[in-house]
Amino acid sequence: MECAAGKTIMIDASDSFDNEGDELRFDWQFQKKPGYSGRYPLIKGGNSNRIRVSVPDETAGEEFHLICTVHDNGDFSLPAYRRVIIRVE
């Protein structure tokens, strides 16, 4: 996904479901980049299935990997992982 520096984007995982109908819990975080000392985008609503990501102005030309970990509340919960790659213009 592409985003302009200084903008906020919405990421929606609300179509996610559990086959047994268990409730889902979401955890969003940016994968750390080796050697990168700049600012990472800010995640708002990080435990929700819909989040807003605010991309700092000075990150033009960078690429960030956003990881979503989804857990259910069942007895044998195995997490699922999804990656969203954000390229900042």
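All values below come from the heavy atoms of this structure, side chains included, with hydrogens, waters and symmetry mates left out. Predicted model, so just to flag it, every value in this text is computed and none were measured.
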Item to check | Any Arg82 side-chain heavy atom under 4.5 Å of Val70 side chain | outcome: no
Item to check | Hphob cluster co-occupancy, Met10 + Phe64, side-chain heavy atoms under 4.5 angstrom | outcome: no
Item to check | Spatial distance of atom CD1 (Ile51) from atom NZ (Lys44) [nearest 0.5 Å] | outcome: 11.5 Å
Next on the checklist: Tell me whether Lys33 at atom NZ has more than 12 heavy atoms from other residues, nucleotides or ligands lying less than 6.0 Å away.
Outcome noted: yes
Item to check | Which atom of Phe17 lies closest to which atom of Asn19, heavy atoms considered | outcome: CE1-OD1, 3.2 Å
Checklist entry - Do the non-hydrogen side-chain atoms of Val53 and Val84 ever get within less than 4.5 Å of each other? => result no
Next on the checklist: If you define the side chain from C-beta out and look only at heavy atoms, does anything of Thr8 sit under 4.5 Å from Val55?
Outcome noted: no
Checklist entry - Under 4.5 Å between any side-chain heavy atoms of Pro41 and Pro56, yes or no? => result yes
Checklist entry - Between atom CD1 of Ile86 and atom CD of Glu2, what is the distance when rounded to the nearest 0.5 Å? => result 11.5 Å
Checklist entry - For Gln29 and Ile43, which heavy atoms make the closest approach, and how far apart are they? => result CA-CD1, 3.9 Å
Checklist entry - Side chains of Thr69 and Tyr81: does their closest heavy-atom pair fall under 4.5 Å? => result yes
Next on the checklist: Testing the basics here: between Glu89 and Ala60, what is the closest heavy-atom pair and its distance to 0.1 Å?
Outcome noted: O-CB, 3.7 Å
Checklist entry - Going only through I, L, V, M, F, W and Y residues with side-chain contacts under 4.5 Å, is there a path from Met1 to Phe30? => result yes
Item to check | Close side-chain approach of Arg50 and Asp12, heavy atoms under 4.5 Å | outcome: yes
Next on the checklist: Working to the nearest 0.5 angstrom, can you tell me the gap between Asn73 CG and Glu23 CD?
Outcome noted: 5.5 Å
Item to check | Which atom of Phe26 lies closest to which atom of Cys68, heavy atoms considered | outcome: CD2-SG, 3.8 Å
Next on the checklist: If hydrophobic clusters are built by linking Ile, Leu, Val, Met, Phe, Trp and Tyr wherever their side-chain heavy atoms come under 4.5 Å apart, do Tyr36 and Ile85 end up in the same one?
Outcome noted: no
Checklist entry - Between Cys3 and Ile9, what is the shortest heavy-atom contact and its length? => result SG-CG2, 3.4 Å
Checklist entry - Just wondering, do Ile11 and Trp28 contact through their side chains at under 4.5 Å, heavy atoms? => result yes
Checklist entry - Are Lys32 and Tyr40 close enough that some pair of their side-chain heavy atoms sits under 4.5 Å apart? => result yes
Next on the checklist: Quick test of your reading of the model: are Glu63 and Arg87 salt-bridged, counting only N-O distances below 4.0 Å?
Outcome noted: yes
Checklist entry - Could you state the interatomic distance from CG (Asn49) to CZ (Arg25), rounded to the nearest 0.5 Å? => result 13.5 Å
